[in-house]
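Below is one structure, written out as structure tokens, with a few remarks after it.
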Amino acid sequence: MTSPNDNLNTLEQQDPDVYAALRGEEDRQKTGIELIPSENYTFPEVLATLGSVFTNKYSEGYPGRRYYGGQEFTDKIEDLARDRAKTVFRCEHANVQPLSGSAMNQAVYLGLLEPGDTILAMDLSHGGHLTHGAPVSHMGKLFNFVRYVTDPVDGSIDYDQVRKDALEHKPKLVLCGYTSYPRDIEYEKFKEIADEVGALTMTDASHFGGLVAGGAMRNPFDFGFDVVTTTTHKSLRGPRGGMVLCTKDLASKIDKSVFPGLQGGPHMNAIAAIAVTLKRAQTEEFKDYAKQVLKNSQTLAKGLMDRQANLVTGGTDNHMMVVDTMKSYNLDGRVAEETLDKVHITTNKQIIPDDPNPPLRPSGIRIGTPAATARGMKEGDMEQLASWIDRCLRSPEDEAVHEEIRGEVVKFCAEFPVPGI
Ligand code: DSN
């Protein structure tokens with residue numbers, strides 16, 4: 001059997017351009033601090049599994065019911081992935097085939113609803129996701145999405161307004177979950193609202209799936225939710241992929257919707273890597289990791305606010321914070337992102353609620369702690385990060401300050417090896 005190193009040697013000989021980019025990306029990941037809340041460093045054994053022979057195999061269908069021969073080992077890994085997902089998320093059924101987040105959510109809408117049906121979901125510009133019915137998305141055109149917004153004063157979800165929207169529009173599905181919202185969800189309220197109008201309940205837990213798995217955040221199934229979707233590469237630290245988790249009575253509709261409804265051959269190398277990730281997720285070490293992500297997030301948010309930064313909702317309950325960079329530093333999000341890039345601190349520009357600016361030049365940035373925590377950073381390190389971020393954004397034109405911080409960041413990063421590199 002060839003080793004991953006042998007395979008990389010072959011890549012270097014066969015394709016020096018791609019090889020150079022791969023080494024460059026490794027170096028970028030090692031010498032910078034990754035603070036995009038949806039990114040992470042996966043486990044070494046996940047990287048190995050992703051680059052394994054499972055990528056060679058077609059496996060349309062489900063374990064025991066495939067359309068191609070030679071499924072002895074693929075059946076085993078898909079069963080492992082499904083069983084582990086059910087254990088980790090305490091649910092009755094798991095489909096681990098969605099290629100990623102968009103397909104995963106589409107499979108739910110298309111499997112449980114009819115085109116034109118109403119779905120109540122969070123508005124993209126208030127923290128929801130593109131696949132939660134943004135008008136530019138195909139799903140936004142196919143279904144009648146009613147989008148709730150956050151409270152204009154404190155920035156959190158206004159449950160009274162959600163209830164009013166539900167009573168007025170009678171959705172068939174009530175969806176909660178977010179991509180840029182720094183607070184926890186009151187599942188009991190969503191469930192009560194959905195029950196009042198006879199709607200199904202769904203959480204898109206993509207951002208915080210790993211924190212639910214690690215017991216650091218609440219699990220929507222404990223509140224009687226019907227469906228939870230999650231990508232597998234964010235706080236869960238697995239390969240890029242998606243899962244639909246649901247109650248037993250929805251299982252057949254979900255499975256048919258994923259295949260043959262939406263997808264063809266599943267990516268078996270990713271499914272094997274999801275199985276590996278879900279084994280990790282059951283360890284004490286992973287539980288500690290999930291708790292530390294939250295402690296780091298709260299420390300970093302406090303560190304920024306102590307330095308007079310303005311955070312949407314005034315803090316965080318989860319792994320992320322949204323900084324209003326216009327109010328804090330008089331910089332738009334693009335300039336803030338680019339300025340932090342110069343000192344090897346990676347964040348992403350972010351539209352904030354009722355943002356007067358356009359998405360490519362919005363008023364904020366998003367910052368999150370899952371990746372930094374995966375490298376072993378703790379509260380004291382978050383204090384240091386807050387100080388660098390604040391100093392850098394208060395001196396956006398000062399090259400000398402940038403050079404000084406960049407040097408400190410690179411030195412600091414050397415103390416925190418990136419898993420798998
Ligand atoms: N792109 C992801 C995020 O950054 O939140 C969601 O798909």
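In each ligand, atom 1 is the first atom listed, and ligand 1 is the first ligand listed. Just so you know, these numbers use all the heavy atoms, side chains as well, and skip hydrogens, waters and symmetry mates.
The ring-ring contact (aromatic ring centres under 6.0 Å, His included) contacts involving residues 170-204 comprise Tyr148-Phe190, Tyr159-Phe190, Tyr178-Tyr181, Tyr178-Phe208, Tyr187-Phe223, Tyr187-Phe225, where partners must be two or more places apart or lie in separate chains.
Distance alone, capped at 3.5 Å, places no donor-acceptor pair between the Arg183 side chain and the Ser156 backbone. Judged by distance alone, the side chain of Ser137 and the main-chain N or O of Ala134 form a donor-acceptor pair under 3.5 Å.
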Please report, to 0.1 Å, the donor-acceptor pairs under 3.5 Å made by any side chain of residues 413-421, with sequence neighbours excluded.
none

Validation: residues 241-251 side-chain donor-acceptor distances under 3.5 Å, sequence neighbours left out:
{"from": "Thr247", "atom 1": "OG1", "to": "Asp249", "atom 2": "OD1", "distance (Å)": "2.7"}

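Here CG of Leu200 is found 10.0 Å from CG of Asp195. Values are rounded to the nearest 0.5 Å.
Contacts of ligand 1 (protein heavy-atom distance under 4.0 Å) are Ser38, His129, Thr179, His207, Lys234, Arg366.
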